[in-house]
Participant: 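Just dropping this structure here.
A, B, ... follow the sequence lines: proteins, then strands. Residue 1 opens every chain. Below, each value reflects all heavy atoms present in this structure, side chains not excepted, and no hydrogens, waters or symmetry copies.
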Amino acid sequence: MQFRTITFLAAATLALAACTNPDRFGRGGADGALGGGYGAGGVPGSASDPASPAYFQQTIGDRVLFAVDQSTLSPGARSTLDQQANWLNNNPEYTAVIEGHADEQGTREYNLALGARRASSVQEYLVSRGVSPNRLRTVSFGKERPIEVCSTEACYSQNRRAVTVVAAGLIG
Amino acid sequence: MRLLLRVALVLLTALPAAAQQGPLRIEITEGVIEPLPIAIPTFTAETPAAEAWARDITRLVAQDLIGTGLFREIPQDAFISRPGFDAPVQYADWKAINAQGLVTGAVSLDGDRLTVKFRLYDVFAEQPLGEGLQFGASTATWRRVAHKVADQVYSRITGEGGYFDSRVAFVEETGPKDARLKRLAVMDYDGANVSYLTDASSIVLAPRFSPDGNRLIYTSYATGFPQIYEMNLQTYAARPLGEQPGTMTFAPRFAPDGRRIVFSLSQGGNTDIYSLDLGTGERRRLTEAPSIETAPSFSPDGSQIVFESDRSGTQQLYVMPVGGGEPRRISFGAGRYGTPVWSPRGDYIAFTKQNAGRFHIGVMRTDGSEERLLTASFLDEGPTWAPNGRVLMFTRETSGAGGQPALFSVDISGRNLKQVPTQGPASDPSWSPLLP
């Protein structure tokens, strides 16, 4: 019975995540670039409001990308994650699920394991920057949820990603 | 869920025992160049109401046999004689049209109860091959009766076990590539009698049949996280297995005794292989390495497990004792090897290979020798063995934005590559054992 309750909470958290991040597999995050200065205020809830999940998703960037069959973080990825960690430290009411993904060039189960590695790399880095591990959970989608659908490196490079999905409330 | 079939297996005693080793023989492993010509006259309807059933059953027997690529059906309009089921066979009439095998049958219908009798003849040896047999079943299970007849014919001519009276569990896929919906489904080996076991509300992956065919284990995202489940195929009831918060579990496979499974568990980014006793819930860790260990598969005697690991830097295949212990690497060719599956006969391990941007399904001996690649495409993966260990089914996915998966099968000789009919895109097949 105990685990049923926990399971329900996890599902509820994810449902909430789906709400605050309308595209929970992360379309459109990376091209948010550097609009809206940090701490500038802006329309509440919009990407220019530094306390909003939209700011996290679009302005900071909710994802980092990986090389083929790798889970190490590039300098650019670490820079994005530094900002993600700052945001999470400044907005303690939020928790995050880190989704690890792989491109389609691999077997299904290996890619699940590879996505788990990528999500874990991000989790470890965020924890090293002061985010409490209690606020972070990882999940791997392997190659099940590509963001780009072509079968060339242009798409594969976008699909080899870890996406930090923030949501208000408890974590499962 | 499974159609109840009461097969009465009755030897027809009118005929003398036949020679076990006649010239009517196909060796599957050697690759057949010229399919064996076989005549399958429409079975005799012993009651008027049985006529349509006789026609359908004959067609399905023929379809099973021709579908193997090992037989060529002689058209019915070439037949010189049309024998009654109990009349003596005029061998000369069948030799004249070069029929090497002859299948005759008779069907009667009583209420909704079908009785199907058949005999197989070696035309050039001028003798029956094996005993005549009789199957009884309800009309609802007529396809199974036809499959059982075809299994007998196939088995007597090839010396291998049959595989037509079997089921395949798979994942039905709908929707665009970046938002696929997946449902667990089961069907007959030839795509008939599809039924769906889950709705499309969560991603489901890689089902596996229990050795008795009554249960499935698979991975589902029902909680939002990948976890392994067991489903009872009589009641559709599913239960989570080995749930532990903060972990992901996937790649479950049954032990040959059906009482234990092995699976992968990811924690802190590291994936290892565990075993779980389904009765007691006792869990044991079988590998302990910082690398990825997944896709385990038992040897049919239950003593060893083959799995994939990237401990060498790339995905390769390893064999370890069933209780864990030092693994022995068995794959050494160029490229990456994954999803090893031990043949139910114990003689081969099938696998997925990635090399130079292509995917292959291949087989090797259990020590890694005699590697042979059977297929090549943009994306082939996840072989599953037919119950007789002589045919493989796998997922083939096409490339690009409109890319879709489909099920294909191929002989271990590399011949007879063909798509398995499904209503829509499908992936992750798991072949059941031969049905009782």
Side-chain angles (χ1 to χ4, degrees), chain A residues 2-4 6-15 17-18 23-25 27 69 71 97-100 104-124 133-134 136-152 155 159 165 171-172, chain B residues 171 176-180 182 203 205-206 219 221-227 240 243-248 250-251 264 266-272 291-296 308 310 313-315 336-339 351-354 357 359 378-379 381-382 395 397-403 427-428:
Chain A
Q2 182 63 23
F3 86 82
R4 290 253 173 245
I6 292 166
T7 300
F8 174 74
L9 278 177
T13 305
L14 281 173
D23 177 8
R24 62 175 301 250
F25 298 105
R27 185 181 293 282
D69 201 19
S71 57
V97 174
I98 303 156
E99 301 175 346
E104 69 188 354
Q105 290 185 299
T107 49
R108 195 178 310 288
E109 289 165 344
Y110 180 84
N111 277 344
L112 280 179
L114 179 59
R117 261 186 192 160
R118 287 172 175 163
S120 184
S121 286
V122 168
Q123 182 184 37
E124 283 170 18
N134 300 334
L136 302 173
R137 190 169 175 186
T138 58
V139 62
S140 175
F141 285 93
K143 62 175 172 176
E144 303 307 312
R145 283 292 179 259
I147 186 76
E148 300 293 341
V149 294
C150 72
S151 294
T152 63
C155 289
N159 290 335
V165 181
I171 193 162
Chain B
V171 173
K177 196 171 174 180
D178 55 355
R180 277 286 152 75
K182 297 193 169 197
I203 299 172
L205 305 173
T219 302
Y221 281 72
T223 64
F225 297 85
Q227 297 286 351
E243 181 130 347
Q244 186 180 311
T247 68
M248 290 173 261
F250 54 95
S264 274
S266 287
Q267 187 164 26
N270 182 30
T271 301
D272 273 302
S291 44
I292 289 172
E293 275 73 37
T294 189
E308 63 173 74
D310 70 347
T314 60
Q315 264 174 296
R336 301 162 61 176
Y337 296 77
T339 75
F351 55 84
T352 305
K353 178 169 178 167
Q354 265 177 278
F359 279 74
F378 166 73
L379 209 178
E381 75 167 295
T395 306
E397 191 150 356
T398 52
S399 71
S427 60
D428 289 4

Participant: When rounded to the nearest 0.5 angstrom, what distance separates CD in A:Q105 from CZ in B:F378?
Facilitator: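 It is 7.0 Å, given to the nearest 0.5 Å.
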Participant: Are B:M248 and A:L112 packed together at the side-chain level, in the sense that at least one heavy-atom pair is separated by less than 4.5 angstrom?
Facilitator: no
Participant: Side chain, backbone, both or neither: which part of A:S140 has a non-hydrogen atom closer than 4.5 Å to chain B?
Facilitator: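 A:S140 touches chain B through backbone and side-chain heavy atoms alike.
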Participant: Between A:A116, A:S71, A:S121, A:A119, which residue shows the highest count of heavy-atom pairs closer than 4.5 Å to chain B?
Facilitator: A:A116
Participant: List the atom of B:F225, the atom of A:T138, and the distance in Å for their closest heavy-atom pair.
Facilitator: CE2-O, 3.4 Å
Participant: Return the OG1 to CZ distance between A:T107 and B:F351, rounded to the nearest 0.5 Å.
Facilitator: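 Here the interatomic distance stands at 13.0 Å.
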Participant: Under a 4.5 Å heavy-atom cutoff, which of B:S266, B:A251, B:G338, B:S399 has the most pairs with chain A?
Facilitator: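 Winner by heavy-atom pair count: B:A251.
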Participant: Suppose we screen for salt bridge (Lys or Arg N to Asp or Glu O under 4.0 Å). Which residues come up paired with B:K353, at least two apart in sequence or across chains?
Facilitator: B:E371
Participant: For each of B:G382, B:A295, B:G269, B:G357, tally heavy-atom pairs with chain A at distances under 4.5 Å, and name the one with the top tally.
Facilitator: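 Top count of heavy-atom pairs under 4.5 Å with chain A: B:G269.
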Participant: In terms of side-chain geometry, is the basic nitrogen of B:E397 or A:K143 positioned less than 4.0 Å from the acidic oxygen of its partner?
Facilitator: no
Participant: Holding to side-chain hydrogen bond (donor to acceptor under 3.5 Å, both in side chains), I want the full list of residues that pass it with B:D428, two or more places apart in sequence or in another chain.
Facilitator: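 Listed in chain order: A:R108.
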Participant: Give, as side chain, backbone, both or neither, the part of A:E124 having an atom under 4.5 angstrom from any heavy atom of chain B.
Facilitator: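 Interface part for A:E124: side chain.
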Participant: At what distance, to the nearest 0.5 angstrom, does SG of A:C155 lie from CG of B:D178?
Facilitator: 10.0 Å
Participant: Would you indicate whether the side-chain heavy atoms of B:P226 and A:E144 approach each other to under 4.5 Å?
Facilitator: no
Participant: Scan side-chain atoms only and decide if B:T219 and A:E109 contain a donor-acceptor pair under the 3.5 Å cut-off.
Facilitator: no
Participant: Looking at B:D310, B:T395, B:L379, B:T352, which has the largest count of heavy-atom pairs under 4.5 Å with chain A?
Facilitator: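 Most heavy-atom pairs within the cutoff with chain A belong to B:D310.
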Participant: Measure A:N159 against the heavy atoms of chain B and call it side chain, backbone, both or neither at under 4.5 Å.
Facilitator: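 For A:N159, there is no contact with chain B at all, as no heavy atom is under 4.5 Å.
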Participant: So which residue, A:G115, A:G142, A:G106, A:G100, ends up with the most heavy-atom pairs under 4.5 Å with chain B?
Facilitator: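 Among the listed options, the one with the most contacts to chain B is A:G106.
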Participant: Measuring from A:Y110:OH to B:Q354:CD, what's the distance to the nearest 0.5 Å?
Facilitator: 9.0 Å
Participant: Under a 4.5 Å heavy-atom cut-off, does chain A meet the side chain of B:T398, its backbone, both or neither?
Facilitator: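 For B:T398, neither part sits under 4.5 Å from chain A.
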Participant: Could you measure the distance from the CZ atom of A:R117 to the CD1 atom of B:I292? Nearest 0.5 Å is fine.
Facilitator: 3.5 Å
Participant: Mind listing the closest non-hydrogen atom pair of B:T271 and A:A113 along with its distance?
Facilitator: OG1-CB, 3.4 Å
